[in-house]
**Student:** 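One structure follows; several queries about it will come next.
All values below were derived from every heavy atom in this structure, side-chain atoms included, with hydrogens, water molecules and symmetry-related copies excluded. Computed from a prediction, not measured in an experiment: that's the story for all the values here. Numbers here are sequence positions counted from 1.
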Amino acid sequence: MQKEARPGTGEQAKQHALVQLRQAILRGEMAPAQRLVENELAEQFGVTRASARAALIELESEGLVERIRNRGSRVRVVTVEEAVAITECRMALEGLCAAKAAVLATDDQLAELAGLGAAMVKAVADGEPVTYSELNHEVHARIREFSGQRTAVELLERLNAQLVRHRFQLALRPGRAQQSLSEHLAMIEAIGARDPQAAEAAVRAHLGSVIEALRD
């Protein structure tokens, strides 16, 4: 197997370290509060310490990394209170995207959403919470994409990245998938009916339920 060539210096090296580190955090391979040591990251990703430091600074601006005075960097810990505040912001932006999608989505895109809804029903029936969580994420991503609201999409991607750990924990909570399913089906139905007001209301109701679950 040929070893992947990894850039050692410059902007390309920074981007390489940035992508790899971001993915590791989003996949949960690096836990909240885990220390991020520049020398270790440089060795792991085959880049210079300066490139590793630049990647950490970028991820700090994205809300995935935090710098602790006199202690260096670590994976950011998102508290329940912060997760609730982020979800409140998502409520406004995702509601907007749902309303836009109800107006702008093509018939093929609406059929894709309906197919995802059917797959979610099956995942709940089969007792597969991880599959359901992935489909949940996909439904929200498709709605954002179909909205054509690029500014909202960019903001939501940054907000959602900070909620990975909380989202996964909610997905595994007993009974959560069953409750969430009806909320997602309501969103899909409203968008499919091309009713922007109902679509926005359905998204807001769903995320209000998420906030209640976060606080439990």
**Student:** List the steps and the verdict of side-chain hydrogen bond (donor to acceptor under 3.5 Å, both in side chains) for Gln34 and Arg74.
**Tutor:** CA-CA 5 Å; Gln34 180 175 331; Arg74 69 177 189 177; over 6 Å; no
**Student:** Determine, step by step, whether Glu40 and Gln44 satisfy the side-chain hydrogen bond (donor to acceptor under 3.5 Å, both in side chains) criterion, reporting the C-alpha distance in whole Å, the side-chain angles of both residues, the deciding distance to 0.1 Å, and the verdict.
**Tutor:** CA-CA 6 Å; Glu40 294 175 1; Gln44 180 178 349; over 6 Å; no
**Student:** In the single-linkage hydrophobic clustering (I, L, V, M, F, W, Y; side-chain heavy atoms under 4.5 Å), do Leu59 and Val37 co-cluster?
**Tutor:**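 No.
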**Student:** Give the cluster check for Val139 versus Val153: same hydrophobic cluster or not, with ILVMFWY residues linked at side-chain heavy-atom distances below 4.5 Å.
**Tutor:**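 No, because Val139 and Val153 fall into different hydrophobic clusters, even though each may have its own neighbours under 4.5 Å.
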**Student:** Does any non-hydrogen side-chain atom of Val121 lie less than 4.5 Å from one of Leu185?
**Tutor:**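 Yes, close enough: below the 4.5 Å cut-off.
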**Student:** Using the side chain to side chain contact (heavy atoms under 4.5 Å, CB included) rule, take Phe45 and Ser51 through it: C-alpha gap first, then chi angles, then the decisive distance, then the call.
**Tutor:** CA-CA 10 Å; Phe45 300 131; Ser51 295; over 6 Å; no
**Student:** I'd like to know whether Gln179 forms a side-chain hydrogen bond (donor to acceptor under 3.5 Å, both in side chains) with Ser209, so could you lay out the CA-CA distance, the side-chain angles of the two residues, the decisive distance to 0.1 Å, and finally the verdict.
**Tutor:** CA-CA 9 Å; Gln179 179 182 356; Ser209 171; 3.0 Å; yes
**Student:** Check whether any side-chain heavy atom of Ser73 lies under 4.5 Å from a side-chain heavy atom of Ile68, and answer yes or no.
**Tutor:**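 No, side chains not in contact.
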**Student:** Over all heavy atoms of both residues, which pair between Pro129 and Gly127 is shortest? Give the atoms and the distance, please.
**Tutor:**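 Taking Pro129 first and Gly127 second, the nearest heavy atoms are CD-O, 3.2 Å.
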**Student:** Mind checking the CZ-CD spacing from Arg71 to Glu66? Nearest 0.5 Å is all I need.
**Tutor:**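 Reported value, rounded in 0.5 Å steps: 10.0 Å.
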**Student:** Taking the side chain as everything from C-beta on, heavy atoms only, tell me whether Arg176 gets closer than 4.5 Å to Gln169.
**Tutor:**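 When only atoms from C-beta onward are counted, Gln169 and Arg176 do not touch, as no gap falls below 4.5 Å.
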**Student:** Distance check, rounded to the nearest 0.5 Å: Lys122 atom NZ versus Thr131 atom OG1?
**Tutor:**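 Answer for the NZ-OG1 pair, Lys122 versus Thr131, is 8.5 Å.
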**Student:** Using the test side-chain hydrogen bond (donor to acceptor under 3.5 Å, both in side chains), find all partners of Asp107 that sit at least two apart in sequence or belong to another chain.
**Tutor:**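 Per chain and number, Asp107 pairs via side-chain hydrogen bond (donor to acceptor under 3.5 Å, both in side chains) with Arg194.
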**Student:** Please name the pair of heavy atoms, one in Ile191 and one in Ala98, separated by the smallest distance, quoted to 0.1 Å.
**Tutor:**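 Of all heavy-atom pairs spanning Ile191 and Ala98, the closest is CG1-O, 3.9 Å.
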**Student:** May I have all residue pairs that pass salt bridge (charged side-chain N to carboxylate O under 4.0 Å, His left out) and include part of residues 200-209, sequence neighbours excluded?
**Tutor:**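 Pairs touching residues 200-209 that pass the test: Glu200-Arg204.
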**Student:** Does any non-hydrogen side-chain atom of Gln20 lie less than 4.5 Å from one of Leu41?
**Tutor:**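 Of all side-chain heavy-atom pairs linking Gln20 with Leu41, none is under 4.5 Å.
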**Student:** Under a single-linkage rule joining Ile, Leu, Val, Met, Phe, Trp and Tyr whose side-chain heavy atoms are separated by less than 4.5 Å, which residues share a cluster with Leu155?
**Tutor:**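 Val78, Ile86, Leu93, Leu156, Leu159, Leu163, listed by chain and number.
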**Student:** Among all residues two or more places apart in sequence or in another chain, which pass the side-chain hydrogen bond (donor to acceptor under 3.5 Å, both in side chains) test with Glu38?
**Tutor:**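 So Glu38 forms a side-chain hydrogen bond (donor to acceptor under 3.5 Å, both in side chains) with Arg49, Arg53.
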**Student:** When you compare the side chain of Leu64 with that of Val75, does any pair of heavy atoms fall below 4.5 Å?
**Tutor:**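 In short, these two side chains do not touch, never coming nearer than 4.5 Å.
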**Student:** Measure the shortest side-chain to side-chain distance between Leu207 and Ile211 over non-hydrogen atoms and say whether it is less than 4.5 angstrom.
**Tutor:**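 No; the side chains remain at least 4.5 Å from each other.
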**Student:** So how far is it from Leu135 CG to Arg142 CZ, rounded to the nearest 0.5 Å?
**Tutor:**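 Taking CG in Leu135 and CZ in Arg142, the distance rounds to 11.5 Å.
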**Student:** Got a sec, which residues hit side-chain hydrogen bond (donor to acceptor under 3.5 Å, both in side chains) with Glu60, two or more places apart in sequence or on another chain?
**Tutor:**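 Counting only residues at least two positions away or on another chain, Glu60 forms no side-chain hydrogen bond (donor to acceptor under 3.5 Å, both in side chains).
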**Student:** Under the side chain to side chain contact (heavy atoms under 4.5 Å, CB included) rule, what do Val47 and Lys14 come out as? Steps first, then yes or no, please.
**Tutor:** CA-CA 8 Å; Val47 299; Lys14 173 205 158 183; over 6 Å; no
**Student:** Between Glu189 and Asp195, is the side chain to side chain contact (heavy atoms under 4.5 Å, CB included) condition met? List the steps.
**Tutor:** CA-CA 9 Å; Glu189 180 180 359; Asp195 185 336; over 6 Å; no
**Student:** Quick one: which residue pairs count as a salt bridge (charged side-chain N to carboxylate O under 4.0 Å, His left out) with a foot in residues 150-160, not counting sequence neighbours?
**Tutor:**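 Output for this query is empty, none listed.
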**Student:** For Leu181 and Tyr132, what are the C-alpha separation, side-chain angles and deciding distance, and is it a side chain to side chain contact (heavy atoms under 4.5 Å, CB included)?
**Tutor:** CA-CA 9 Å; Leu181 175 61; Tyr132 178 83; 3.9 Å; yes
**Student:** Any ion pair linking Glu212 and Arg215 (charged N to carboxylate O, less than 4.0 Å)?
**Tutor:**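 Between Glu212 and Arg215 there is no salt bridge, as every charged N stays at least 4.0 Å from the carboxylate O atoms.
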**Student:** Nearest 0.5 Å please: distance from the CD atom of Glu82 over to the OG1 atom of Thr87.
**Tutor:**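 It is 11.5 Å, given to the nearest 0.5 Å.
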**Student:** Going by ring-ring contact (aromatic ring centres under 6.0 Å, His included), name the pairs with one or both residues in residues 61-104, residues two or more places apart or in two chains.
**Tutor:**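 For residues 61-104, and leaving out neighbouring residues, there are no ring-ring contact (aromatic ring centres under 6.0 Å, His included) pairs at all.
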**Student:** Should side-chain heavy atoms under 4.5 Å link Ile, Leu, Val, Met, Phe, Trp and Tyr, which residues sit in the same cluster as Val77?
**Tutor:**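 Cluster partners of Val77: none, it stands alone.
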**Student:** Any chain of hydrophobic side-chain contacts (each under 4.5 Å) joining Leu96 to Met187?
**Tutor:**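 In one cluster with Leu96: Met187, no.
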**Student:** What's the spacing between Ile25 CD1 and Leu36 CG if we round to 0.5 Å?
**Tutor:**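 The CG atom of Leu36 is 6.0 Å from CD1 of Ile25, to the nearest 0.5 Å.
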**Student:** Tell me which pairs pass ring-ring contact (aromatic ring centres under 6.0 Å, His included) where either residue lies in residues 192-216, with sequence neighbours left out.
**Tutor:**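 Pairs touching residues 192-216 that pass the test: His140-His206, His184-His206.
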**Student:** Using a 4.5 Å cut-off between side-chain heavy atoms of Ile, Leu, Val, Met, Phe, Trp and Tyr, which other residues end up in the same hydrophobic cluster as Leu104?
**Tutor:**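 For the cluster that includes Leu104, the remaining residues are Val103.
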**Student:** Once ring-ring contact (aromatic ring centres under 6.0 Å, His included) is applied, what residue pairs with a partner in residues 55-111 remain, sequence neighbours excluded?
**Tutor:**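 Of all non-adjacent pairs touching residues 55-111, none passes ring-ring contact (aromatic ring centres under 6.0 Å, His included).
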**Student:** Between Glu58 and Arg22, does any NZ, NE, NH1 or NH2 come within less than 4.0 Å of an OD or OE carboxylate oxygen?
**Tutor:**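 Result for this pair is no, no salt bridge flagged.
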**Student:** Not counting sequence neighbours, list each pair that qualifies as a ring-ring contact (aromatic ring centres under 6.0 Å, His included) and has a residue in residues 49-74.
**Tutor:**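 Checked against ring-ring contact (aromatic ring centres under 6.0 Å, His included) - neighbours excluded - no pair reaches residues 49-74.
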**Student:** Considering all heavy atoms of both residues, which atom of Ala199 and which atom of Ala102 are nearest to each other, and what is their separation?
**Tutor:**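 Shortest heavy-atom separation between Ala199 and Ala102 comes out as CB-CB, 4.2 Å.
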**Student:** Please give me the minimum heavy-atom distance between Ala152 and Cys97, naming the atom from each residue.
**Tutor:**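 Nearest heavy atoms, Ala152 then Cys97: CB-SG, 3.8 Å.
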**Student:** Calculate, to the nearest 0.5 Å, the distance between atoms CD and CD1 belonging to Glu112 and Ile188 respectively.
**Tutor:**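 The CD atom of Glu112 sits 10.5 Å away from the CD1 atom of Ile188.
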**Student:** Do Ile57 and Val65 come close enough that some side-chain heavy atom pair is under 4.5 Å?
**Tutor:**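 SC-SC contact between Ile57 and Val65 ruled out.
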**Student:** Below 4.5 Å, heavy atoms only, C-beta onward: do Val80 and His166 meet side chain to side chain?
**Tutor:**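 Side chain of Val80 against side chain of His166, heavy atoms only: contact under 4.5 Å found.
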